[in-house]
Amino acid sequence: MASRLRDLILLFIILAPNASAMEPAPDFAGQDLNSGVQVNLASYRGKVVLVDFWASWCPPCLESLPAWEQLRNKIGTGSFEVIAINVDEDTDDGIRFLRSRPVSYPVLADPEGEIGKPWGVRSLPRYFLVDREGRIVSTYKRFKPSDEARLEQEISTLLKQ
Amino acid sequence: MIRRFLKAALAGLLLLNPSLSAFAATCSCAGVPVLIYLDTSAIEKGDFFASYTADDHQINDLVSGSDEVPDETGRDRSSFSQVLSASYAFTDHWSVSALASYVKHERKIGSSSFGEMSAAGIGDSVLLARYSPFYISPFSRHELSLGLGLRIPTGENDIVDVFLLSEDMQPGTGAVGKIGWASYSYAFNQAATLQTFTSVNYTHNEENDRHYRFGHEMNFTVGLSQSLGSHFGYSAALRYRSTEPDQRSGFELPNSGGKWLDFIPAIRYAVTDSFGVALSGRIPVARDLDGILQFTTSYSYAVTVSYGF
């Protein structure tokens, strides 16, 4: 019995993928809901990028959007950018929210999950930090106010590299 | 010493007196059904989910077939279980769950303290591997999970109180149970605030070292759950449970096994994103039990605190 249990545990350890990040960020492209300009993640290579998946029905997401606006204003856009991906099935719900609480960073619509699925988005809010080389260096689930300070620290470290 | 002697004398009288023995109906506990405490929802890669449940199970309904009959023995039977469960997802598709329990059984017959009996100790454990080929996300409304596992006989099954206690009074079953399990959920909206779920599990019980085998058991549950805002939620489910009669040395025991239909309401409150509390109950709706007489569930209620990160 003990050896069977040990084998089972070993099997799961082998099956488990490397939990560390540093995976290449799946590329995506789309039209910015704010400006109508075409946005492509690859074109931000050389910058640190915060990619945030959100929906109008997700209360914590509605706190994170203005928080990223403040963070972006604080750090500046010389070497940093935020790209928000709205996953509302009806994109108009996302657009209505943006009218009431506008943000100045690009927001793309992803109602079918064409962007979100390759990123493994399973629940919201979910945001990813991408380094200058286009690799995912960290993933955040849920949103806590303390995340802002932690993110700022992490971005600051990445910008020095 | 005198107390022990009197207890032994009373136990002897109970065994020898045929009219009293007729009321010695088996308790349809089939051990403690620890599997019901496992959360059926699939969890995300890297997530750890732990919960503690305290369950008070009252087993005082005397039933003949599907009819409740008056109990003239003044019997009072209950089980109090404490269950710790933990789940970890190695990938978005594969996770493992483990469950450990501590069980206290109490039985009182008549108004005298000599008819009191109790046993407490570590109960059985469960280890379950789970595969979720698809799961609810902002881009999918469906979730399917399949599981295989073992109930491990970590519990005591040889507690003595003057005599070796009967199997239904022992905290553990003393035998391995092989578990098959499946669940399906559907979200009615993208936020998955309203869901319907169904699950089925089957436990194939082995014989323990006293040649006792609890009846194989099947549970089928269907229900609805809804989140109200970001903190409150509730669910309501119907559970059909069927067990075969217990066996000793290959022979079926009378007054064990049957079919039950229970209503299971639950409310929950998410204190934070990670920490929640829930209160649930089990209320008999219908039952059809094997044999002439069985004591069975009157009701049960449970409090669960859970933590995930």
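Values in this document were obtained by computation on a predicted structure and should not be read as measured data. Worth knowing before you read on, the calculation uses all heavy atoms, side chains too, and leaves out hydrogens, waters and symmetry mates. Letters A, B, ... are given to chains in the order of the sequence lines, protein chains preceding strands, and every chain is numbered from 1.
- Among residues 147-161 of chain A, no residue has any heavy atom closer than 4.5 Å to a heavy atom of chain B.
- Around atom NZ of A:K47, more than 12 heavy atoms belonging to other residues, nucleotides or ligands sit under 6.0 Å away.
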Residue pair B:D47, A:K141: steps toward the salt bridge (Lys or Arg N to Asp or Glu O under 4.0 Å) verdict | CA-CA 10 Å; B:D47 276 3; A:K141 294 173 186 174; 2.7 Å; yes
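- Between chain A and the options B:S274, B:A89, B:S137, the largest number of non-hydrogen pairs under 4.5 Å is found for B:S137.
- Within 6.0 Å of CD on A:E112 lie no more than 12 heavy atoms contributed by other residues, nucleotides or ligands.
- Scanning all heavy atoms of the two residues, the minimum distance from A:E89 to B:Q190 falls at N-OE1, 3.1 Å.
- Shown here for B:P138 and A:S123, the closest heavy-atom pair between the two residues is CD-N, 4.2 Å.
- By the neighbour-count criterion of 12 heavy atoms within 6.0 Å, atom CG of B:L224 is densely surrounded, having more than that number from other residues, nucleotides or ligands.
- In this structure, B:F139 and A:K117 approach most closely via the heavy-atom pair CB-CE, 3.6 Å.
- Between the CZ atom in A:R122 and the OH atom in B:Y135 there is a gap of 5.5 Å [rounded to 0.5 Å].
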